[in-house]
Amino acid sequence: MPRTITFSRNVFLPLTNVCANACGYCSFKAPVADGCVMPASEVLATLRRGAAFGCTEALFTFGERPENEPGFRRYIEAAGYPDILSYCEAMSRAAIDLGMLPHTNAGILTYEELERLRHVNASMGLMLETTAEIPAHRHSPGKDPGVRLEMMADAGKLKIPFTTGLLLGIGETAADREESLAAIRDLHKRYGHIQEVIIQNFCPKEGTEMAGVPGASQEVIRETLRLAAGILPKDVSIQIPPNLADAGGLLSLGVTDLGGVSPVTIDYINPEHPWPALDVLAEIAAGYDLRERLCIYPQYCNPEWVSPELLPLAERLAKRTYG
Ligand SMILES: O=c1nc2n(C[C@H](O)[C@H](O)[C@H](O)CO)c3cc(O)ccc3cc-2c(=O)[nH]1
Ligand SMILES: C[C@H]1O[C@@H](n2cnc3c(N)ncnc32)[C@H](O)[C@@H]1O
Ligand code: SF4
């Protein structure tokens, strides 16, 4: 029997590019300016297209704490919401109404903010990136490893099915990668909420501080996947983005998932790397049993982990997807 490899069919909704951090590797962040909030009409149109293409996940990923950037309030208020979290809540409800499960990565949120979003999100995410203190994060208070681990613990206390991961090649050492994976394992041992760990390679972006730094080598990716397979508990999925690395050559190293893939939207964080079409994905996973999954893994599709507002949809989709 070939081993199963999963992926999620999603639409990517970058509600805003405005961000209070300034990571040395990021080209997603943009200044406060006209158009810095994705209009609701565009969100709704994208959601509708996603629904038509059979997408089950609405991935809301955006800049962290945009309200801390001078002038942002005016734009979010003009869109009809007091803050980005209220906007995300409303758009999550719209996704649910169209039959898609919301998954949000908004950067750092407080316990109370996580609790608010939990009502309308099937799962949430935050990349740990690394437990190391690195120059690329010196203008990003939200990338302090202590702050990130604390938010992930809060998500555990709130029983939110959670996605995290490592960003490779941003100035961390091999020992840092091992420490980062061990920290994720410890969180999961305590709370049981880590459903998947993304092993993502940094891709240099023109115009950023790290433009001249080469991306993580295939050898570093392979070494980290071996470490992950050894350190992470077996019930935690190991994800590799199929548009960033030579995923096909890495699957044999314990990879179990190819992450979110969209037939509708681009990867707004790595726009120069298009998603493979679904038939190309099948080629990447040749020799494996490629299957679609939801943003919430089957072991979490129950009232302990899913809010009452989402449970009927989650159960209906789970029945169809997981059998
Ligand atoms: O929960 C997350 N999902 C991230 N995803 C989404 C992920 O692939 C899936 O949506 C999740 O596995 C949930 O199904 C990304 C997708 C990209 O194209 C690029 C970057 C990311 C980064 C994250 C992330 O930081 N957190
Ligand atoms: C949403 C996630 O996207 C990742 N991210 C941000 N910038 C880059 C880049 N240049 N290359 C690859 N991944 C990146 C970070 O890990 C962040 O947490
Ligand atoms: S990676 Fe996320 S936190 Fe860092 S600057 Fe980009 S949008 Fe902001």
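For ligands, and for the atoms within them, numbers begin at 1 and follow the listed sequence.
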> Under a 4.0 Å N-O cut-off, is there an ion pair linking Glu292 with Arg320?
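The answer is no: the pair does not qualify as a salt bridge.
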
> Less than 4.0 angstrom from a charged side-chain N to a carboxylate O is my criterion; do Glu113 and Arg65 meet it?
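Salt bridge flag = yes for Arg65 with Glu113.
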
> Determine, for Glu304 against Lys159, whether the closest basic-nitrogen to carboxylate-oxygen distance falls under 4.0 angstrom.
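Salt bridge present between Glu304 and Lys159.
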
> Is the number of heavy atoms from other residues, nucleotides or ligands within 6.0 Å of CZ (Phe53) greater than 12?
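For Phe53, atom CZ is not crowded (no more than 12 foreign heavy atoms under 6.0 Å).
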
> Give a yes or no on whether a salt bridge exists between Arg9 and Glu57, defined as a side-chain N under 4.0 angstrom from a carboxylate O.
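Judged by the 4.0 Å cut-off on N to carboxylate O distance, Arg9 and Glu57 do not form a salt bridge.
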
> Keeping to distances under 2.8 Å, can you name the protein N/O/S atoms close to atom 6 (Fe) of ligand 3?
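Listed by chain and number: Cys26 SG.
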
> Name the atoms and distances for all side-chain donor-acceptor pairs under 3.5 Å in residues 226-236, with sequence neighbours left out.
{"from": "Lys234", "atom 1": "NZ", "to": "Ala229", "atom 2": "O", "distance (Å)": "3.0"}
{"from": "Asp235", "atom 1": "OD1", "to": "His188", "atom 2": "NE2", "distance (Å)": "3.4"}
{"from": "Asp235", "atom 1": "OD2", "to": "His188", "atom 2": "NE2", "distance (Å)": "3.1"}

> Would you call Glu309-Arg93 a salt bridge at under 4.0 Å N-O?
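Counted as a salt bridge, because a side-chain N and a carboxylate O are separated by less than 4.0 Å.
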
> Would Glu133 and Arg138 pass as an ion pair if we require N to O under 4.0 Å?
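Arg138 and Glu133: not salt-bridged.
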
> Distances for all N or O pairs of ligand 2 and the protein under 3.5 Å?
{"from": "ligand 2", "atom 1": "10 (N)", "to": "Tyr25", "atom 2": "O", "distance (Å)": "2.9"}
{"from": "ligand 2", "atom 1": "10 (N)", "to": "Cys203", "atom 2": "O", "distance (Å)": "2.9"}
{"from": "ligand 2", "atom 1": "10 (N)", "to": "Lys205", "atom 2": "NZ", "distance (Å)": "3.4"}
{"from": "ligand 2", "atom 1": "11 (N)", "to": "Cys203", "atom 2": "N", "distance (Å)": "3.0"}
{"from": "ligand 2", "atom 1": "11 (N)", "to": "Asn270", "atom 2": "OD1", "distance (Å)": "3.3"}
{"from": "ligand 2", "atom 1": "13 (N)", "to": "Gln200", "atom 2": "NE2", "distance (Å)": "3.1"}
{"from": "ligand 2", "atom 1": "16 (O)", "to": "Glu129", "atom 2": "OE1", "distance (Å)": "2.6"}
{"from": "ligand 2", "atom 1": "16 (O)", "to": "Glu129", "atom 2": "OE2", "distance (Å)": "3.3"}
{"from": "ligand 2", "atom 1": "18 (O)", "to": "Glu129", "atom 2": "OE2", "distance (Å)": "2.5"}

> Considering only NZ, NE, NH1 and NH2 on the basic side and carboxylate oxygens on the acidic side, decide whether Arg3 and Asp289 come within less than 4.0 Å.
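Salt bridge absent between Arg3 and Asp289.
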
> Under a 4.0 Å threshold between the charged nitrogen and the carboxylate oxygen, would Lys157 count as salt-bridged to Glu115?
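No salt bridge links Glu115 with Lys157.
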
> Kindly tell me which protein residues have any non-hydrogen atom under 4.0 angstrom away from an atom of ligand 1, grouped by chain and ordered by number?
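Around ligand 1, where the cutoff is 4.0 Å for heavy atoms, the contacting residues are Ser8, Asn10, Glu57, Leu59, His103, Asn105, Gly125, Met127, Thr163, Glu196, Ile198, Gln200, Gln239, Gly259, Gly260, Asp267, Ile269, Trp275, Arg293, Cys295.
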
> Tell me which protein heavy atom sits closest to atom 2 (Fe) of ligand 3, plus the residue, atom name and distance to 0.1 Å.
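Going atom by atom, the protein heavy atom closest to atom 2 (Fe) of ligand 3 ends up being Lys143 NZ, 4.0 Å.
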
